[in-house]
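Here the structure is a predicted model, which means the values were calculated and not measured. Heavy atoms only: backbone and side chains are in, while hydrogens, waters and symmetry mates are out. Throughout, a chain's letter reflects where its sequence line sits, starting with A, and its residues are numbered from 1.
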Amino acid sequence: MNITLPDGSVRTYPSGVTGLQIADSISKSLAKAAVGVKIDGALSDLSLPIQKNVKLEIIRRQDDTALEMIRHDAAHVLAEAVQSLFPGTQVTIGPTIENGFYYDFARNEPFSTEDFAAIETEMQKIVERGAPFTREVWDRDEAIQYFKDKGENYKAELIQDLPVSENITIYRQGDWLDLCRGPHMQNVKQVGMAFKLLKVAGAYWRGDSSRAMLTRIYGTAWRDEAELNAYLTQLEEAEKRDHRKIGKDMGLFHLQEESQGSVFWHPHGFTIYNQLENYIRRRIQGDGYVEVKTPQLMHSRFWEASGHWSKFRENMFVVPDVVPSTEEGGKVFKEEPREFMALKPMNCPAHVQIFKQGIKSYRDLPIRMAEFGCCHRNEAHGALHGLMRVRQMTQDDAHIFCRVDQITDESIRFCNLLRAIYKDLGFEDLQVKLALRPENRAGTDENWDRAEQGLRDALDAAGLPYEDLPGEGAFYGPKLEFHLKDAIGRSWQCGTLQLDFVMPERLDAHYIGEDGQKHRPVMLHRAVLGTLERFIGIMLENYAGKLPLWLAPVQCVVATITGKADSYAEEVVRDLKSHGIRAEADLRNEKINYKVREHSLQKVPVLFVVGAREAEERTVAIRRLGSQDQNVESIAQAIEALAHQCKAPY
RNA sequence: GCCGCUUUAGCUCAGGGGUAGAGCACAUCAUUCGUAAUGAUGGGGUCGUAGGUUCAAAUCCUACAAGCGGCACCA
């Protein structure tokens, strides 16, 4: 039997040889360092007998691939530790995740972070004991019975639901065992000590909100202490970038409980907001869009027609169409409301109304109708999160009304626009996902074929790689999702492009074709940023508050060294403002060190320092954020250069 | 919405059954200073809300709310 190693060499072994034996035959130290094998690319146990010619790679503990095994094994160690410290706790599942692992437990008494020290100590003991991992294949019914007898009902349920074709594998580590697909390392010792428990959280059994709430313990594990510390430092750094903290420190916005999920934009924050909105406005004007504004509050009849009343109502804010009473201590509404209004959760039905005014010809299409639409959605309390998840949001929304034969062109056009905008905003790295037809859908298969192919063609033409998401499309059409990753590593869906054959039908939109007959237009729902709120949150985290010059709320502060330079500083600020630069003077009676520190913390990109010398020579000493260098230039020169740098990218 | 944790001055946080503390910020005064915190003095809180226990509650108990971390949902 021939085994091909990664360096291309081929060795001959008897059938049934294990990865460990092969490693041992190469060198003793390799056998000791080995944690697993890749057999034809698939990660397996070292103890697995090999029966045929394969390509084989020994995974050593120091290899990157080992991280996943270390974390998986650490999850098992966590489970053993918890069960030994808290008898009666049921184990469920414990997978690895990016940078770590978690384990879900069922226990009447929830865990708290105060239990972590004890659990970690117990985990260390288990690792020190270093029991070997052994794999066993059990009979299905016996396994179910075994776990039921132990009171491990969740495990029993898991086994019950495994496909009959699958082996029921059990991994033992000393006296403790767990149902597990594997693979595992040679022994528990190889987990090492570079692990740490991070947080507890609730999590539904099998991700189903109608089932039991389990306690999840999150942890992280690495090859050595240095890696662990680097990761913990990275977490701290990410925390510093949190847009809620930056927003507070820079005085950009606030939230308060009387309006949860709706943002109070402060002057500096709203400057960013306006800059971004105006940039998008210029971009879409340059791409053939028209801009509209539609009502905030509309009668339920309208939402019934659009389908939102039945499909989306629990996410809507509904207002009784009754005059409220001001009677002191009385009911707010004296009469029982019979009719309702609702705040719009989406702009699309309103845009159809504008489309429907007058008769449209095929020559009018496509119509690209944009709105910075302020929408309200009644999001679950637990879902709200700073600017990232709000209840009142402003979308950079537009609906493209077009003919079926224009879908591909319009999609390509949108992808190009989106990519150009993301590039301007500093996001080069985006993931595209194509959500395909769901089981429950409207429209003919022909239309779906055409719609999905149209989007694929558009992505190909735009040169965008993408991933299919089967069954994830909206009921009315397939959609493209554009995902960005923020500084904390969370992935956010921002842009979207959705094909819709249903809404024009429901709301009876039509145009007159070349043939003189009525035809249904197709609607493309699309947004680039998604919502301004979320996108600003992402920008703040991405730039750690140090926004590009054109977006910075204050672009330049003129700071004086002495009161003698006050009037000169004010003159410089006037000059800056007349060049369209957002500038402020800092004339406070403070030392220059104090001012430099404060404006640096406020992420002001450019500081003009002026003292008696500058006033005399009509110059400024320029200091840029993140640099300690300073260079002196004449005002005219400095302002002209800065004005140029402050220009928006489009 | 579900599970857990948290809630004390504008901010960050300490304290804790006998009636409230620090640093920063703010105000006043002094200082006019050359690139990441000048000094002094002073003002500021019914300790998230509502009940309960107690001679006495900011502290203990209960409920509620909000915030945070997840889950579910989602832009």
Under 4.0 angstrom, heavy atoms only, what part of the nucleic acid is [X] near: base, sugar-phosphate, or nothing?
X      : answer
A:K248 : sugar-phosphate
A:E614 : base
A:K591 : base
A:A527 : nothing

>> Applying ring-ring contact (aromatic ring centres under 6.0 Å, His included), can you list everything that pairs with A:Y279, at least two apart in sequence or on another chain?
In response: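 Expected list: A:W550.
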Distances under 3.5 Å between nitrogen or oxygen atoms of protein and nucleotides 61-68 of chain B:
{"unit_1": "B:rA65", "atom_1": "O2'", "unit_2": "A:E257", "atom_2": "OE1", "d": "3.2"}
{"unit_1": "B:rA66", "atom_1": "OP1", "unit_2": "A:Q260", "atom_2": "NE2", "d": "2.6"}
{"unit_1": "B:rA66", "atom_1": "OP1", "unit_2": "A:H381", "atom_2": "NE2", "d": "3.4"}
{"unit_1": "B:rC68", "atom_1": "OP1", "unit_2": "A:R244", "atom_2": "NH1", "d": "3.1"}

Could you list the protein-to-nucleotides 25-28 of chain B atom pairs, N/O on both sides, closer than 3.5 Å?
{"unit_1": "B:rA25", "atom_1": "OP1", "unit_2": "A:Y594", "atom_2": "OH", "d": "3.3"}

>> Are there runs of at least three consecutive Watson-Crick or G-U pairs touching RNA chain B, with each pair's two distances under 3.5 angstrom? Give them by first number.
In response: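 In RNA chain B, stems of three or more pairs: B:1-7 with B:65-71, B:10-13 with B:21-24, B:26-30 with B:38-42, B:48-52 with B:60-64.
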> Has the side chain of A:Q630 got a donor or acceptor that lies under 3.5 Å from a partner of the other kind on the base of B:rU35?
Replying inline: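 When only heavy-atom distances are counted, A:Q630 does reach the base of B:rU35 through a donor-acceptor pair under 3.5 Å.
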>> Tell me which residues in residues 557-565 of chain A lie within less than 4.0 Å of RNA chain B, going by non-hydrogen atoms.
In response: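 Nucleic-acid contacts, sorted: A:I561, A:T562, A:G563, A:K564.
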>> Can you check the distance between B:rU38 and B:rA25, where both ends of the measurement are the P atom (answer in whole Å)?
In response: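 9 Å, rounded to whole Å.
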Nucleotide N/O of nucleotides 71-75 of chain B paired with protein N/O under 3.5 Å:
{"unit_1": "B:rC71", "atom_1": "O4'", "unit_2": "A:G202", "atom_2": "O", "d": "3.1"}
{"unit_1": "B:rC71", "atom_1": "O2'", "unit_2": "A:Y204", "atom_2": "N", "d": "3.0"}
{"unit_1": "B:rC71", "atom_1": "N4", "unit_2": "A:G382", "atom_2": "O", "d": "3.4"}
{"unit_1": "B:rA72", "atom_1": "O2'", "unit_2": "A:S209", "atom_2": "OG", "d": "3.4"}
{"unit_1": "B:rC73", "atom_1": "O2", "unit_2": "A:R389", "atom_2": "NH1", "d": "3.4"}
{"unit_1": "B:rC73", "atom_1": "O2", "unit_2": "A:R389", "atom_2": "NH2", "d": "2.6"}
{"unit_1": "B:rC73", "atom_1": "N3", "unit_2": "A:R389", "atom_2": "NH1", "d": "2.9"}
{"unit_1": "B:rC74", "atom_1": "O2", "unit_2": "A:R389", "atom_2": "NH1", "d": "3.0"}
{"unit_1": "B:rA75", "atom_1": "O3'", "unit_2": "A:Q493", "atom_2": "O", "d": "2.9"}
{"unit_1": "B:rA75", "atom_1": "O3'", "unit_2": "A:R534", "atom_2": "NH1", "d": "3.3"}
{"unit_1": "B:rA75", "atom_1": "O2'", "unit_2": "A:Q493", "atom_2": "O", "d": "2.6"}
{"unit_1": "B:rA75", "atom_1": "O2'", "unit_2": "A:R534", "atom_2": "NH1", "d": "2.4"}
{"unit_1": "B:rA75", "atom_1": "N6", "unit_2": "A:E379", "atom_2": "OE2", "d": "2.7"}
{"unit_1": "B:rA75", "atom_1": "N6", "unit_2": "A:V390", "atom_2": "O", "d": "2.7"}
{"unit_1": "B:rA75", "atom_1": "N1", "unit_2": "A:V390", "atom_2": "N", "d": "3.3"}
{"unit_1": "B:rA75", "atom_1": "N1", "unit_2": "A:V390", "atom_2": "O", "d": "3.2"}

